[in-house]
Peer 1: 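Mind looking over this structure? Questions follow.
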Amino acid sequence: MLRLRAFRPSGDKIVKIQLHPTHPWLVTADASDFVSVWNWEHRQVIYELKAGGVDERRLVGAKLEKLAEGESESKGKPTEAIRGGSVKQVNFYDDDVRYWQLWRNRSAAAEAPSAVTNVTSAFASPAPSTKGRHFLVICCENKAIFLDLVTMRGRDVPKQELDNRSLLCMEFLARSASGDGPLVAFGGSDGVIRVLSMITWKLVRRYTGGHKGSIACLMTFMASSGEALLVSGASDGLLVLWSADHGQDSRELVPKLSLKAHDGGVVAIELSRVSGGPPQLITIGADKTLAIWDTMSFKELRRIKPVSKLACHSVASWCHPRAPNLDILTCVKDSHIWAIEHPTYSALTRPLCELSSLVPPQILAPNKKLRVYCMVAHPLQPHLVATGTNVGVIMCEFDARSLPPVAPLPTPPESREHSAIYVVERELKLLNFQLSPTGNPSLGNNASLSEAGRLKGESSELLHVKQIKKHISTPVQNDSYSILSVSSSGKYLAIVWPDIPYFSIYKVGDWSIVDSGTARLLAWDTCRDRFAILESAPAPRIPVLPKGGSSRRAKEAAAAAAQAAAAAASAASAAGVQVRILLDDGTSNILMKSIGSRNEPVIGLHGGALLGVAYRMSRRISPVAATAISSIQSMPLSGYGNSGLSSFTALDDNLSHKSSAEAAPPNFQLYSWESFEPVGGLLPQPEWTAWDQTVEYCAFAYHHYIVISSLRPQYRYLGDVAIPYATGAVWNRRQLFVVTPTTIECVFVDAGVAPIDIETRKMKEEMKLREAQSRAVAEHGELALIAVEGPQASSQERIKLRPPMLQVVRLASFQHAPSVPPFVSLPRQSKVDSDDIAVLKEFEERKVNEVAVGGGGVSVAVTRFPMEQKRPVGPLVVVGVRDGVLWLIDRYMCAHALSLSHPGIRCRCFAAYGDAVSAVKWASRLAREHHDDLAQFMLGMGYATEALHLPGISKRLEFDLAMQSSDLKRALQCLLTMSNSRELGQDSVGFDLKDILTVTTKKENLVEAVQGVVKFAKEFLDLIDAADATGQADVAREALKRLSAAGSVKGALQGHELRGLALRLANHGELTRLNGLVNNLVSVGLGREAAFSAAVLGDNALMERAWQETGMLAEAVLHAHAHGRPTLKNLVEAWNKMLQKEVEHAPATKTDAAAAFLASLEEPKLTSLAEAGKKPPIEILPPGMPSLSATMAMKKKPPPAAQNPQPDPAKPMAIEAPPSATPTGAPTGAPTGAPTEAPPRPESAPPQVEGGETAKDAGAPPLSSSASDPGPLAQVEGEHAPTTSGADAAEQKTNETSDPGSDTQKVEEQEEPAVLEEKKEVTPKTPDTQEPVASGVSTSTPLPVASVASTSTPLPVVSAPLPVASGVSMSTPLPDFFI
C-alpha cells in the first residue's frame, strides 16, 4: 500500500534534501538557495534561512549577540555578512546522526563471513560529542554554516579558513583518539579534501593527490576488516579510497586506491548492505549509468543504465519486506521513483511509484509535469521515502505494516538455542540463535546491575547474540512477497504469497508439503492445528503494453487489462472462507466449506482463539484494513504483471487521512472455531489481533491505539493504550510486547477483580460442593449427606473489587540518551576540553553516590526504568521472551536481544508472572525513591500485602496498602506517624512541676497533632470502621482517642466528621469521652454538633443546654416543647426577648418628603391615638402553648361564627388583607408575628434566612391582613387558636432521621396530649388567598380591641420583616438540624 505521508508545496524546485534519523525533521534547499527545516509529522516549519545570499535576520542576531557579550565591533566583515553562494549540500549532525551512521557502517561490514570479531561484536554507543546540540550544517560554495537548532545560534566558517577553495560536498568523520571532537570533511574545487574540527573550528588535516577535478561526493564506510574508510567521487570520474583511521598526525594523507568509475564524473555514492556478504558500493555518474562495486576486491560487479536517455541524480539502497527483490532506489528527472530488482543478476528496472498520482490535483497545473530533482530514503524506517520535486516535498509511505518473511518456532523445554524459519530467494532457511555465554557472564545474576552506574547512561548490559543460518534443501514456489506463520503446536509452517495468490503448508522437520492451494489470506487457530483460508482464483495475467505501438493496439491492450481486472474483482467477491484441520498423520481435511452467511467480499482474516473475518461493507476503503487491502489491491512485485506498471498503487489514498473511527464502519465478525457460528456483534476491523496462549487476554490493534480485553470468565473490555501505528505484538503471561516503526513497548496488563469474577468463583465452589456430595452419595448412600452442625469458623476471605490496570513501559527506541544542552554559546577555544573533563568527573561522582544509596553490598539501579535501549532498524518480527530477554528478528534475518534485567522491568515481569515474592526482592534493588511507583504497580496487580515489604514506600501509600491487606495495626502506626499524633488523646493523671515548665512546647506539639488529625480525619474514620468490621477494638479505640481530642478544638473538624465521631464514640460505649465532646462543642459554640452528640448520648437535658448555651433558642424551645421540659416557659421568654431586641435595633428607613407622603396614603389608618404609642411585646410560641400575657379582650369578644368557616386541613393559619389594601412596596417576605407599629426595615436589606438566602429567595410567601376576618386569635379564655405548624413534624422527622446508623441510641419522644390533639385539628379557611405562616411559629400577639370590634377597618399590613432566630427558616419547615 502506497500513501502520501506528508506534502509541502513550494514555489521553486527542491534540489537538496536530507532526513534526520530519529526526529521527524527534513531539511531542503531549493534552486534559489533557500534552506528550510520542516517537521513532516506535525507539518510545521522549524527554521528557514536564506543561505545563498546574506540572511539579514542572522546578521542582526550575531551583532546583538556580540553586543550582549561585551565585544567591540570587529574590524573585519562578520562571517554572517559573507554571501554563501549556491547551496551544495545540507545535513543534520548530532549524537543520533553520528550513532546511526556508525551503526550502519558496522552492521554492513559485519554481514561478511570474514568479518573480524570487533566488528561483529555488540556495538556500544560512542561517548556523546555534541552535548545535546542539534546542528544543521549547510555546505555553500563560499562558506559552511553550522546552526544549532536548540539555541538558534550559528557559526559560519568562510572558505578563506579552508585554503580559500570553494566547498562542494561534505561528510562527517568519526571522532579520533586525539580528542579533537567531531570532524567534518569538505570536498574542494581543487580535488583536495579538507577536515575541520567542530571544537576548535580549525583545519586539522588534508587529503591530497587523489583527484584532478572538483570533488562531487564523499562517504565513509567500514571494511569487513574493521578499518574505517573514506571514499570520494569527483568530476574526473575517479573513485578514490582513503583511510579514515587517522591518529594525531596532521600531515597530508595520500589515497589508498583509485578507480575509474564513470565518464563525465561521479554524481553520488551509496553504501549497500548485502545479507551474508561484504558491503557493496553503488555509484551513479554523468554517463547515465549505475555501477555496483565489491568492497573486498573493489571490482566492478555490475553496470546498468536504469532509465535510458536520462541520467540518475539520486540513489539509495533499500530493503523493504513488501518488495523483497528490490534493493536499490534511484531517481531521474521524471515523475517516478525507480527500483532495481536483483541488481547483480537480472537488474530489471521498474517504476516503484508514480508520484503525480499522490499529490493533490490542484497543485499540478494542467500543462505542468512533475519532475523529481532529489530523493532520500529514511535511514531507519525503510517504508519512508522523501523526494524533492518542482512542486514541493513529497513524503511517501510504502506499506509500513508489512513484516519480514520469518516465523519463530517453539523452543524445546531444556534447550538454550532458539530457531526461526525464513524465506530468502526461493529457499527456506533455518536461523538458530542464542545468547553467547562468553559475552554475557552477568546475565541472570545481580552483577548485571552494576551496569546502572556507567557514565554512558546505558543501564542495560550489551547482549551478545550467537547466530547461525542453515540451509534447508527445500525450495519454495516463488520469490515474491510472502507471509510466514506457524501453527499452535509448532508442527506446521504456512507460507502465503498474497500476490500470486498461493499457499503451502510444510511439516516442520522433514519439510514435506502437506497442503497447498490458491489463497490470499490464512489464519491459524491458537488452540489446535487448524486454519482458515480465503480461497481465490489465480490473478489473470495483465497484458504487456508494447512501447511505441499503434494506438489501436494500445486500446485493445487497455480493454483486455480492464476485463482482467473486472474478472479478478468478481473472483475476489465470490471467494469464501474455508476451514481445514491438520490431523496427526499429516493429512489435511476440510472442516467447513464456507463460514458465515454474509454476501460481502472478505478482505481480512485474523486467527486466534476465535476466527476473525473482515468484510468490505461499502465502497469506501478504510485505512484500518491496511494489510489485507494492500495484499489484494497492490500489483504483484515480481514474476507476474507488467514491468511497465507501478509496483505500488495508491488506490486507497483518498481515505488515508481520515480518522479510522470515521472511515471504518463495523465490518469485523468473530466466529467460533468449533461451531462456526458468529460470536458477538460486528466490530471495527483491527489491523492485527494478538491472543494470549492461555486464552486469558487479547489485543486488537487499530491505527492510533490498541484495545486490550480479558476473555475469562467472559469477554470484558479492560481499556486501550495509545500506541499508534503498531505493527505486531506477542503476549508473555500478563505482558504484551508491542513493536511500532520507531519503538518497542511493553504493556503490563491485569484484569483486576470484577463482580462477574466473584460470581464465577462462587458458582465454581458450589459446583465442586455438589460434585463432592454426589460422589459421596454414590459411594456411601444417602446417609453420607447427614452432617452434624457444629460451630464452623467462617474462613471465607472477602474478595475486594479491583479495577483493571494497564501500564506501558518503553523498552527501546531510536533516540540517543538525551543530554542537557549547555546554556552557554558554542565553545570557540580548545581550553573547553578541560572543563568537559571536570564535568564528567562530577557526573561520575554523583553516579557513584547514587549507586551507594541501597547499601548492604547490593548495587542499586538509580533509575525507575532503564534508559531506552536501541531499537533494531526497520520492520521487526517479535519472537517473544526467552532466557529472560526479548528476542526480535529484523529484515536482514538477524536476531536481536533486548535486556529485561533492569530491576524496574524485572520486578514488573515477576509480578505479571504471579511471583510476588521475587518481585519484591528485585524491587528492593531499586533506589528507594522508586519504591512508591513499584508498590502502586503491585497494588494494581493485586499484591498489596507483598508490596508492604518494600522498605522505601511513603507512609501515605503504606497506609493504603495496609488497609487493602487488612493489616490495621500497621495502618494505625502509619496514621499516627503521618498525623504526628502519638501523644494526643492520652489520659493524663495530672501535672507535675516538669509538665508545668514545658507547657509551651506541649502546646505547640498539641497544635501540630490536632492539625495532623484534622488533615487525616477521613482516614481515621475509615480505619475505625475497618477495625469495627474485623473486631479489632483496640485499634479502633486508639484512633478514637486521637479523633475525639481533635474534635474538642474549635473549628478543627467539620460538621459531618463531628457527627461521625459522636456515633462511633457511642458505638464503642465511650460515654465519658462523648460527654466531654458535648461539653467541648458547647464551649466552642458548635450547638448543632453538640446537640447531635447529646442526642446520641440520650441526654435531653444536655441536648437542651447545647441549644441554649450556643444561642440557638428557637431549637431549644422546640425541643423543650416536644419533650415536655419544665424549662419551656423560661426558654420562650428568653427567645422572645431576643427577638424583641433584634426588632428594636432594626434601622429606620430614610425617605424624602414626597416618598413619606405617598407612603402615608397607603399606610393603614389607626383607629385611636392611644394605640400609636403602644408597642406590644413580641410573643412567638410553639403550637399548643398558652399565651404568656393573655389580655381580657380576647375572651370577651369571640369572633362571629360567620367569619369562622370550616377549616381547611391542607393550609396553615394566615392573616389576610384585601388585595387593594396591600401596599405595593411592602416586602414580600415579611413574616407574621411582627408588631403593628414596628419600624419597617429598608428594602435594600431583606432579612437573612439560614444559608445566607434572603427570605424572598427562600420562597417565603407574601403576607397580608384581611378586614373580613380578624382571625381566630382567641376564642375562649385559656384556649389557644388551633394552628398547625411544621414544628412537630420537623421535630418528629428530625428524631427519626437523626442518623440511619444509630440504632442503639434513640432520642426519646414524649409529646403532650394537647400537642397530639392539635395535629388532628385544622386551620380556618378564608375566602381570599391564603398564605402559610412561617413554619414552626405561632402568632399570638393580641390585636387592639378597636380592630376586633370594627370589621370595617382593615387590619394594619405587616410591613416589617422579623429577624429570624439562628437556625430557623421562616419560610420553610424546620431544617433537619441533626443530620
Peer 1: Which pairs with one or both residues in residues 187-197 pass salt bridge (Lys or Arg N to Asp or Glu O under 4.0 Å), sequence neighbours excluded?
Peer 2: D163-R194, R165-D190, D190-R194
Peer 1: Got a donor-acceptor contact below 3.5 angstrom from the H336 side chain to the W338 backbone?
Peer 2: no
Peer 1: Under 6.0 Å between ring centres, would you say that holds for W100 and F814?
Peer 2: yes
Peer 1: By side chain to side chain contact (heavy atoms under 4.5 Å, CB included), which residues pair with A228, not counting sequence neighbours?
Peer 2: A244, D245
Peer 1: Considering all heavy atoms of both residues, which atom of L239 and which atom of G233 are nearest to each other, and what is their separation?
Peer 2: CD1-CA, 4.4 Å
Peer 1: Below 4.5 Å, heavy atoms only, C-beta onward: do L168 and S189 meet side chain to side chain?
Peer 2: yes
Peer 1: Backbone N or O of K299 within a donor-acceptor pair of the D294 side chain at under 3.5 Å?
Peer 2: no
Peer 1: Please confirm whether the backbone N or O of R83 pairs with a side-chain atom of N142, one donor and one acceptor, at under 3.5 Å?
Peer 2: yes
Peer 1: Look at the side chain of T330 and the backbone N and O of S314, then say whether any donor-acceptor pair between them is shorter than 3.5 Å.
Peer 2: yes
Peer 1: Please check this pair: side chain of Q89 against backbone of M170, looking for a donor-acceptor N/O pair closer than 3.5 Å.
Peer 2: yes
Peer 1: Classify the ring geometry of W25 against H134: parallel below 30°, tilted from 30° to 60°, perpendicular beyond 60°.
Peer 2: perpendicular
Peer 1: Given 3.5 Å as the limit, does a donor-acceptor pair link the side chain of K260 with the main chain of D236, or not?
Peer 2: yes
Peer 1: I'd like to check the ring pair (Phe, Tyr, Trp, His ring centres under 6.0 Å) partners of W242; sequence neighbours left out, ordered by chain and number.
Peer 2: Y207
Peer 1: K143: what forms a side-chain hydrogen bond (donor to acceptor under 3.5 Å, both in side chains) with it, not counting sequence neighbours?
Peer 2: D156
Peer 1: F34: which residues meet the ring pair (Phe, Tyr, Trp, His ring centres under 6.0 Å) condition with it, sequence neighbours left out?
Peer 2: none
Peer 1: Could you check if a side-chain atom of I17 sits within less than 4.5 angstrom of a side-chain atom of T387, using non-hydrogen atoms only?
Peer 2: no
Peer 1: Would you indicate whether the side-chain heavy atoms of S86 and C140 approach each other to under 4.5 Å?
Peer 2: no
Peer 1: Taking ring pair (Phe, Tyr, Trp, His ring centres under 6.0 Å) as the test, write out the residues that go with H896, two or more places apart.
Peer 2: none
Peer 1: So does P279 get a backbone contact from the side chain of T295, meaning a donor-acceptor N/O pair under 3.5 Å?
Peer 2: yes
Peer 1: Which heavy atom of Y892 sits nearest to which heavy atom of D890, and what is that distance?
Peer 2: N-OD1, 3.0 Å
Peer 1: Under a 3.5 Å distance rule, please check whether R871 uses its side chain to pair with a backbone N or O of G874 as donor and acceptor.
Peer 2: yes
Peer 1: Would you name the heavy atoms of V372 and H313 that are closest together and state the gap between them?
Peer 2: O-NE2, 2.9 Å
Peer 1: Less than 4.5 Å apart, any side-chain heavy atom of K88 and any of F186?
Peer 2: no
Peer 1: For Y93, which residues count as a ring pair (Phe, Tyr, Trp, His ring centres under 6.0 Å) partner, sequence neighbours excluded?
Peer 2: F172
Peer 1: Any donor and acceptor pair, going by atom type alone, linking the side chain of H262 with main-chain N or O of G265 inside 3.5 Å?
Peer 2: no
Peer 1: Ignoring hydrogens and angles, write down the donor-acceptor pairs under 3.5 Å from the side chains of residues 375-383, residues two or more places apart or on other chains.
Peer 2:
{"from": "H378", "atom 1": "ND1", "to": "L380", "atom 2": "N", "distance (Å)": "3.1"}
{"from": "H378", "atom 1": "ND1", "to": "Q381", "atom 2": "N", "distance (Å)": "3.1"}

Peer 1: Is Q467 reaching over with its side chain to a backbone N or O of A895, donor-acceptor style, under 3.5 angstrom?
Peer 2: yes
Peer 1: Can you confirm whether the side chains of E354 and S335 place a donor and an acceptor under 3.5 Å from each other?
Peer 2: yes
Peer 1: Just grab all the salt bridge (Lys or Arg N to Asp or Glu O under 4.0 Å) pairs involving residues 12-38, residues at least two apart or on different chains.
Peer 2: none
Peer 1: With sequence neighbours excluded, give me every salt bridge (Lys or Arg N to Asp or Glu O under 4.0 Å) pair touching residues 265-281.
Peer 2: E111-R273
Peer 1: Sequence neighbours excluded, which residues qualify as side chain to side chain contact (heavy atoms under 4.5 Å, CB included) partners of A311?
Peer 2: K288
Peer 1: What pair of heavy atoms forms the shortest contact from L326 to A339, and how long is it?
Peer 2: CD1-CB, 3.8 Å
Peer 1: By salt bridge (charged side-chain N to carboxylate O under 4.0 Å, His left out), which residues pair with K256, not counting sequence neighbours?
Peer 2: E227
Peer 1: Using every non-hydrogen atom in the two residues, find where F7 and V391 come nearest and quote the distance to one decimal.
Peer 2: CZ-O, 3.9 Å
Peer 1: Assign the ring pair H320 / W318 to parallel, tilted or perpendicular, where the plane angle (0 to 90°) is split at 30° and 60°.
Peer 2: tilted
Peer 1: Ignoring hydrogens, what is the shortest heavy-atom contact between V27 and N91? Give both atom names and the distance.
Peer 2: CG1-N, 4.4 Å
